[in-house]
Participant: 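One structure is given below, represented as C-alpha cells, and several questions about it will come after.
We use all heavy atoms of the structure for the numbers below, so side chains are in, but hydrogens, waters and symmetry mates are not. Residue numbers begin at 1 in each chain, while the letters A, B, ... track the order of the sequences.
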2 protein chains.
Amino acid sequence: MEPTERKRRHSGRITLNDVARAAEVSPITASRALRGERSVAAELVERVKTAADQLGYVPDPAARALASQRSTQVPVLVPLLSNALFVDVLEAVHRTLLPHGYQTLIGVTHYEPREEEQLLRSYLAHRPAGLLLTGFDRTEAARQLLAGSGVPCVHLMELTQAPGVYCVGFSQIEAGHAITEHLVQRGRRRIAFVAAQLDPRTMQRAEGYRRCLRQHGLYDAKLELLSPQPSSMQLGGELLEDLLRTRPEVDAVFFCNDDLAQGGLLCALRLKIDVPTRIAVAGFNDLSGSDQMVPTLTTVRTPRRAIGEASAQMLLTLMRGSVPPQHSMDLGFEPMIRGSS
Amino acid sequence: MEPTERKRRHSGRITLNDVARAAEVSPITASRALRGERSVAAELVERVKTAADQLGYVPDPAARALASQRSTQVPVLVPLLSNALFVDVLEAVHRTLLPHGYQTLIGVTHYEPREEEQLLRSYLAHRPAGLLLTGFDRTEAARQLLAGSGVPCVHLMELTQAPGVYCVGFSQIEAGHAITEHLVQRGRRRIAFVAAQLDPRTMQRAEGYRRCLRQHGLYDAKLELLSPQPSSMQLGGELLEDLLRTRPEVDAVFFCNDDLAQGGLLCALRLKIDVPTRIAVAGFNDLSGSDQMVPTLTTVRTPRRAIGEASAQMLLTLMRGSVPPQHSMDLGFEPMIRGSS
DNA sequence: CTGAAAGCGCTTACAG
DNA sequence: CTGAAAGCGCTTACAG
C-alpha cells in the first residue's frame, strides 16, 4: 500500500475531478464552466456540462462554502410561525430561492430582539449567502453584527428611506389610516382600536388609526384597547366583550389582525350582537377564512406573498453582486370592504 | 513575500487552530475536546473550552461538513405549508433540533411523490445529518435514494411496523373510526364523509369511517363526497351545500379536516341550517379557531406538536448513532366533543 | 482563455 | 490519552 492509498477517505461521490477528467479539461475549467463564468470557451463549457450530466454530478455545497467562504443558505428571520402571515411570506421566499440553488432556513424570533441577535450570531457563523429580516426593530449589537458581516440583507414588511437599507413592504401607517377612514366614511363615530401582541407594526397601524381619527376630530384614547398577549381568535372575542362592557357607546372596531377580528365576529354571533348594524368590524391582513365569516370580514389585504417573492428577488440581485433598481419597494395594500362594515 | 504568504485567503475568522494555540494543545485535541469526545483529559477539555469561550470561537459548519462528510442540516419534507398542521409540526421540530446545533430546512412536496423525489435528490447532495419525511407514500426511486444514502430518517404522521422504518404518529384509521363512532352514538344514522385533497392519510380516515359504519350496518357509499381539490374553508361550504342538495336525508357530516368543517359550519350559519339539530358536524385535527366556531366544532385533536418533538428526538438519537427504544411511536389522538354534534 | 498550486477549516485514520 | 499527516471537494489568486 502506498501512503496516499492508506489515508483515502473518498466517499464514492462524483466529484468535480471526475467531471473534469471525463471532459478532458482541468478541474478549474470545469468549475468555471459549471458556474457559468464567461471566460471559458463555449466548446469546453459544452463538454463539461455534458460530462456533468452524464455522471450525475452534484456539487458539494460544503466544499463550495469552505472554498468560497460563502454558503447557499438564506436564513429568514420571522417573529412567529403561528401567524399565517409569516408562513405565507416564508413559502413565497422558499419557492423563489429554491430554483436558484439557495436553501431557506427558518428563524423564529418570538418578537424578541435578544432572540433575534442570538440567532443572527449563530446563522452568521454559517456564512449565509444572504439574509431576510422582519422589520427594523433590533438590538444595536445585531445591527453591528450585520454591518460587519457584509452579508447581503433585505428587510421585510416595513419601509424606510435609510441609506444602504434594502426593504420590501408597505406603509403600515397608511394602511391603518385607510381602513379607519373607511369606517368614518361609513358614518361611524366611536371607532375603537383593539390590538394584541403590540409589536412595532401593530403600533404603526395604531398610529394610522390615531391620525385618521384626529383629522376628523373623533379621536378618543379610551377607545384603544391594547393587550400585550399573543394574538388569537379567542382573545379577539374576549377583548370585544371587554370593550362592549366598558365602552358601550362604541359603534365600530378596527382589530389589528384578522385572527382577533374573526374571534370578535364569532363572539358577536354568540352574543347576538348585530354586525354591522350595532357595531361595524374591520380586521387586518385578509387571512384565510375572513371571506367566509358571517358576515364576511372587512379587512386590509396585505401583499405578503408578493413581499416574499420580491424580497427574495431583491436578495438574489444583491447576492449576484448587482445593485437592485430600488432600495425600498412599496407593494401597497388593498382595503377589502365586505359585509362587516 | 514568501510563497505561503502570497496565497493567504484567511477570512479573519477565529479558527480551531487559534483555540488550540491559546489552550496550548494540538488542533486535534481541541477538536475532540469541543466535540465532547471522551478520550481527552478533563484538564485539557477545561483549558480548550475556556480558550474557545474567550476567543468567541464558533466552529465552521462547512469545514466540519466537508471533513466529516456530514452536515448539521435536517430537511423536513411536508406536503404543504398552507395547512397549519404541518406548520405546527415544523415549528416543534425546529425548536427541538436548534439547541442541539441542527438546522431545519423546509421542503414542500405539494403531495407530489415526484416533487419529493426531486427534493430528496438535491437535499441528499448536502449530506444532511438526518431527514424527516411525511408519511410513506413515495416513489421507488426515492426509497432507493434514501436507503442508499445511509442518512438517518424518521417518518411523520403515520405508523408502520415495517422493519427498519422509524415513525412517529397515530392511527389515522382508528381516529376516523372513533369520531364516526361518536356520531353513531349520538344517534345519527345518515352520516356523510366529506373530504378534499384525498392524500393517503385522508383516505385512511375514510377507511376508519367506512369500517365503523359497516360495523353498524349504516354504510352508504352515496354519502361519501370526495373532492381532489385543495382543502379550504370555502370548499367546505360548497361541499356541504352540494351534499344537502343531493343527499337531503343526511343527518351528520364528518369532514376530513377542520378547515372544511369550519367552512361547513359557517355555511350552515348562512343558510340558517341548525347545527347540531338538523345536522351534526365533526372535523379533524382541532385546528386553531375550531373551539371558537358557532357552535363550537367537534373534532379529533391530533398531537402534531408532540409528533414534531418526538420525531426530532428520535432523529437526534439516530444521528448520535444510538438505537431509539422503539421504531414506531404511537402518540394517539383525542376526540374533542363540542357543540356541533 | 486555461491551468498548477495552494488553501478554506475542519476531522479521519493511524500511530504511539 | 495525544498528535503529525493527510484529506474532504471545491475556489481563489496568480501566472501565462
Participant: Do the charged groups of B:D18 and B:R13 touch, with an N to O distance under 4.0 Å?
Facilitator: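 Salt bridge between B:D18 and B:R13, a charged N being under 4.0 Å from a carboxylate O: no.
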Participant: Name the residue closer to the 5' end of DNA chain C, choosing between A:T29 and B:A62 according to the nucleotide with the nearest heavy atom.
Facilitator: A:T29
Participant: Kindly compute the distance separating CG (B:L133) from OH (B:Y166), expressed to the nearest 0.5 Å.
Facilitator: 14.5 Å
Participant: Can you tell if the side chain of B:D137 reaches within under 4.5 Å of the side chain of B:P113, non-hydrogen atoms only?
Facilitator: yes
Participant: Is it the case that more than 12 heavy atoms not belonging to A:R35 sit under 6.0 Å from its CZ atom?
Facilitator: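 Counting other residues, nucleotides and ligands, CZ of A:R35 exceeds 12 neighbours.
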Participant: To the closest 0.5 Å, what do you measure between CG (B:L66) and CZ (A:R64)?
Facilitator: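 Between B:L66 CG and A:R64 CZ, I get 13.0 Å after rounding to 0.5 Å.
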Participant: Return the nearest nucleotide to the side chain of A:I28; candidates are C:dA4, D:dG7, D:dG3.
Facilitator: C:dA4
Participant: Under 4.0 Å: is that the gap between some side-chain N or O of A:S68 and OP1 or OP2 of D:dT11?
Facilitator: no
Participant: A:D60 side chain: which of D:dC10, C:dG9, D:dT2 is closest?
Facilitator: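 Looking only at heavy atoms from C-beta outward on A:D60, the closest nucleotide is D:dC10.
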Participant: Say you draw a straight line from CD of B:Q118 to CZ of B:R121; how long is it, rounded to the nearest 0.5 Å?
Facilitator: 6.5 Å
Participant: Could you check which of C:dG9, D:dT2, C:dC1 has an atom nearest any side-chain atom of A:A41?
Facilitator: C:dC1
Participant: How close or far is atom P of C:dG9 from atom CG of B:L66, stated in whole angstroms?
Facilitator: 12 Å
Participant: Are B:E309 and B:R305 ion-paired here, with the side-chain N under 4.0 Å from a carboxylate O?
Facilitator: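 Answer for the salt bridge query: no.
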Participant: Tell me whether the OP1 or OP2 atom of D:dC10 has a side-chain N or O from A:S31 closer than 4.0 Å.
Facilitator: no
Participant: Identify, residue by residue, the members of residues 48-56 of chain B with a heavy atom below 4.0 Å from DNA chain D, and return them in order of residue number, or none.
Facilitator: none
Participant: For the pair made of CG in A:D18 and C1' in D:dC8, what is the distance, rounded to whole Å?
Facilitator: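 Distance, rounded to whole Å: 14 Å.
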Participant: Are OP1 or OP2 of D:dG9 and a side-chain N or O of A:T15 less than 4.0 angstrom apart?
Facilitator: no
Participant: Atom CZ of B:R64 to atom C1' of D:dG9: distance rounded to whole Å?
Facilitator: 18 Å
Participant: Assign A:R32 to base, sugar-phosphate, or nothing according to its heavy-atom contacts below 4.0 angstrom with the strands shown.
Facilitator: base
Participant: Counting just side-chain N and O atoms, does A:R70 come under 4.0 Å of either OP1 or OP2 of D:dT12?
Facilitator: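 For A:R70, the contact criterion (side-chain N or O under 4.0 Å from OP1 or OP2 of D:dT12) is not met.
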Participant: Quick check: on DNA chain D, is the nucleotide nearest B:V25 upstream (toward 5') of the one nearest A:L16, or the reverse? Name the residue that is more 5'.
Facilitator: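 In this pair, the answer is B:V25.
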Participant: Nearest whole angstrom, please: distance from the P of D:dC1 to the CZ of B:R47.
Facilitator: 16 Å
Participant: B:R35 CZ to C:dG9 P: how many Å, rounded?
Facilitator: 17 Å
Participant: Using the test ring-ring contact (aromatic ring centres under 6.0 Å, His included), find all partners of B:H155 that sit at least two apart in sequence or belong to another chain.
Facilitator: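 Once residues adjacent in sequence are excluded, the partners of B:H155 under the ring-ring contact (aromatic ring centres under 6.0 Å, His included) criterion are B:F136.
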Participant: Could you tell me how far apart A:E37 (CD) and C:dT2 (C1') are, to the nearest whole angstrom?
Facilitator: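 It works out to 12 Å between those atoms.
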Participant: Treat a base pair as Watson-Crick or G-U wobble with both distances under 3.5 Å, then lay out DNA chain D in dot-bracket form, 5' to 3', with | for cross-strand pairs.
Facilitator: |||.||||||||.|||
Participant: Find the distance B:R127:CZ to D:dC10:P and express it as a whole number of Å.
Facilitator: 8 Å
Participant: Let me confirm one number: the OH-OG distance from B:Y102 to B:S71, rounded to the nearest 0.5 Å.
Facilitator: 9.0 Å
Participant: Taking CD in A:Q161 as the centre, count heavy atoms belonging to other residues, nucleotides or ligands within less than 6.0 Å. Is the count above 12?
Facilitator: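 No.
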Participant: Can you check the A:L34 CG to D:dT12 P distance for me, whole Å?
Facilitator: 14 Å
